[in-house]
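Before any comments, here is the structure.
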Amino acid sequence: MTEIDAALKEAVANFVAKHPRGKAAQERAAKVMPGGNTRTVLFTAPFPIRAEKAEGAHITDVDGHDYLDLLGEYSAGIYGHSHPRIRKAVTEALAAGINMGAATDREVAFAEAVTKRFNIDLVRFTNSGTEANLMALSAARCFTGRKKIMPMEGGYHGGVLYFSHGGSPVNAPFDCVLADFNEVEKTRALIAKHGDELAAVILEPMLGGGGCLPASLEFLTMLREETKTRGIVLIFDEVMSSRLHPGGLSAQFGIEPDLKTLGKYIGGGMSFGAFGGKREIMELFDPTKPDALPHAGTFNNNMLTMTAGHAGITEVFTPEACVALNARGDRLRNSLNDLFMKYQVRMKATGMGSMITLHPVGGEIASPADLEKADKRLKRLLFLDLLDQGIYMAERGFMAVSLMVNDADCARVVAGVEHFIKTRRALLV
Ligand code: PLP
């Protein structure tokens with residue numbers, strides 16, 4: 001057994017000993033859900049913490065442990081837990097009626113706020129980011145009359161649109177030409193080769209699930225030029241990255257795609273997704289026109305999402321709050337990278353603003369290929385060691401700083417990671 005295996009074994013045993021109720025809950029859950037789980041990303045071996053309640057920036061599990069929540073619901077939890085303004089909005093929506101089965105003014109107000117903020121001509125709401133991306137891709141296929149799509153290796157656009165390591169067996173059956181993220185000339189050539197058959201190029205301007213790797217401006221500029229010349233619809237999946245700048249990451253880069261997809265925090269913590277962009281594409285869905293494309297979804301305009309989402313982006317996550325939150329995230333990431341330099345360990349914190357991923361690798365990280373050498377066991381060890389110090393993040397090293405996380409919390413995270421480095425240094429050099 002290697003030193004890493006031995007350290008991991010000990011950390012797992014410690015976790016099991018401290019989570020007897022979590023273990024029992026897992027056994028109960030496994031009787032009714034495969035592996036006791038209904039959302040794969042939330043399964044961590046030997047079993048996940050089982051949350052009981054949450055308030056502000058903290059989560060308490062069924063074993064009574066309190067955690068600083070740095071996972072931030074994989075970026076959807078920007079408002080933290082039970083933000084008073086969001087609570088008020090939800091209460092208001094409950095009083096008004098949750099599902100009207102009719103068009104309401106609230107969806108109009110929310111659509112006005114979303115389109116203005118993210119520079120979108122026309123928008124449609126969905127129930128999830130996955131659905132938003134499925135609809136955007138289908139819209140691009142109908143608009144262009146072409147079939148193929150070009151996602152990026154390492155891209156994630158939903159449970160059925162997962163493109164790490166070539167894709168997932170449960171992916172939607174799109175005919176895909178997979179490109180390499182941030183590889184400018186290789187991708188330019190691939191677009192040229194398949195240009196006539198490509199309906200869409202889709203990417204996250206910063207890979208989120210793929211490790212918080214920002215696209216280079218050069219890469220995005222090339223994609224914009226090549227797709228424009230060849231009549232291919234360029235789709236930016238901003239489901240995560242829209243939080244990084246008041247107008248989304250496309251505004252920060254100064255590159256406008258043809259369609260954008262949104263999700264996560266924009267629904268105020270309720271189920272949410274949206275796709276929108278250029279008028280000439282989105283008008284395909286205009287039901288006042290003959291042959292309009294259908295777009296359904298029982299809960300697309302549910303009152304909880306429309307009301308909480310509107311309050312959230314107009315009153316809480318204002319452009320000013322967005323700038324301040326991302327500055328805090330930048331400070332945290334810089335402090336973590338300073339630590340790695342100080343102790344000369346093979347670790348890096350990547351990302352932008354309030355989204356960070358810790359990688360147990362040295363050297364430059366620009367594309368998913370640079371992450372291949374990351375040792376998954378070290379990621380698990382970091383996850384378990386931070387949990388033991390009362391800090392909750394994703395096992396893959398992902399952190400999303402919410403509005404409820406303050407500077408003292410960030411200092412605690414830096415101290416927690418420093419403790420990890422000091423105790424595990426031999427494994428990290
Ligand atoms: N796109 C990106 C970039 C995401 O990170 C996610 C979710 O993590 C999705 C799409 C899918 O969103 P949802 O989980 O709401 O279906």
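Whatever order the structure lists them in is the order used to number ligands and atoms, beginning at 1.
For ligand 1, the polar-atom distance check finds no N/O of Met240 at less than 3.5 Å from any of the ligand's N/O atoms. Inclusion of Asp237 in the set of residues having an N or O under 3.5 Å from an N or O of ligand 1 is warranted.
Distances below 4.0 Å separate heavy atoms of Asn133 from the following atoms of ligand 1: 1 (N), 10 (C). Close contacts of ligand 1 with Glu204, meaning ligand atoms under 4.0 Å from a residue heavy atom, involve 3 (C). Of all atoms in ligand 1, numbered sequentially from 1 with element shown, those under 4.0 Å from a heavy atom of Gly129 are 11 (C), 12 (O), 13 (P), 15 (O), 16 (O). Taking every non-hydrogen atom of Val239 and a distance limit under 4.0 Å, the qualifying atoms of ligand 1 come out as 1 (N), 2 (C), 4 (C), 6 (C), 9 (C), 10 (C).
Counting non-hydrogen atoms of neighbouring residues, nucleotides and ligands closer than 6.0 angstrom, the NZ atom of Lys278 exceeds 12 such neighbours.
Both the backbone and the side chain of Tyr156 come within 4.0 Å of ligand 1, judged by heavy-atom distances. The part of Lys264 lying near ligand 1 is the side chain, judged by heavy-atom distances below 4.0 Å.
Put simply, the side chain of Tyr79 does not reach to within 4.5 Å of the side chain of Arg87, judged on heavy atoms.
When the options Ile149, Ile191, Asp258, Leu223 are evaluated for a side chain to side chain contact (heavy atoms under 4.5 Å, CB included) with Ile232, the one that passes is Ile191.
Taking the centre of each ring, Phe110 and Phe272 come in below the 6.0 Å mark. A centroid separation of 6.0 Å or more is found between the aromatic rings of His157 and Tyr162. Remark: aromatic rings of Tyr156 and Phe163 are distant, center separation not under 6.0 Å. In this structure, Phe299 has its ring center no closer than 6.0 Å to that of Phe125.
Looking only at heavy atoms of the protein, atom 16 (O) of ligand 1 is closest to Thr130 OG1, 2.5 Å.
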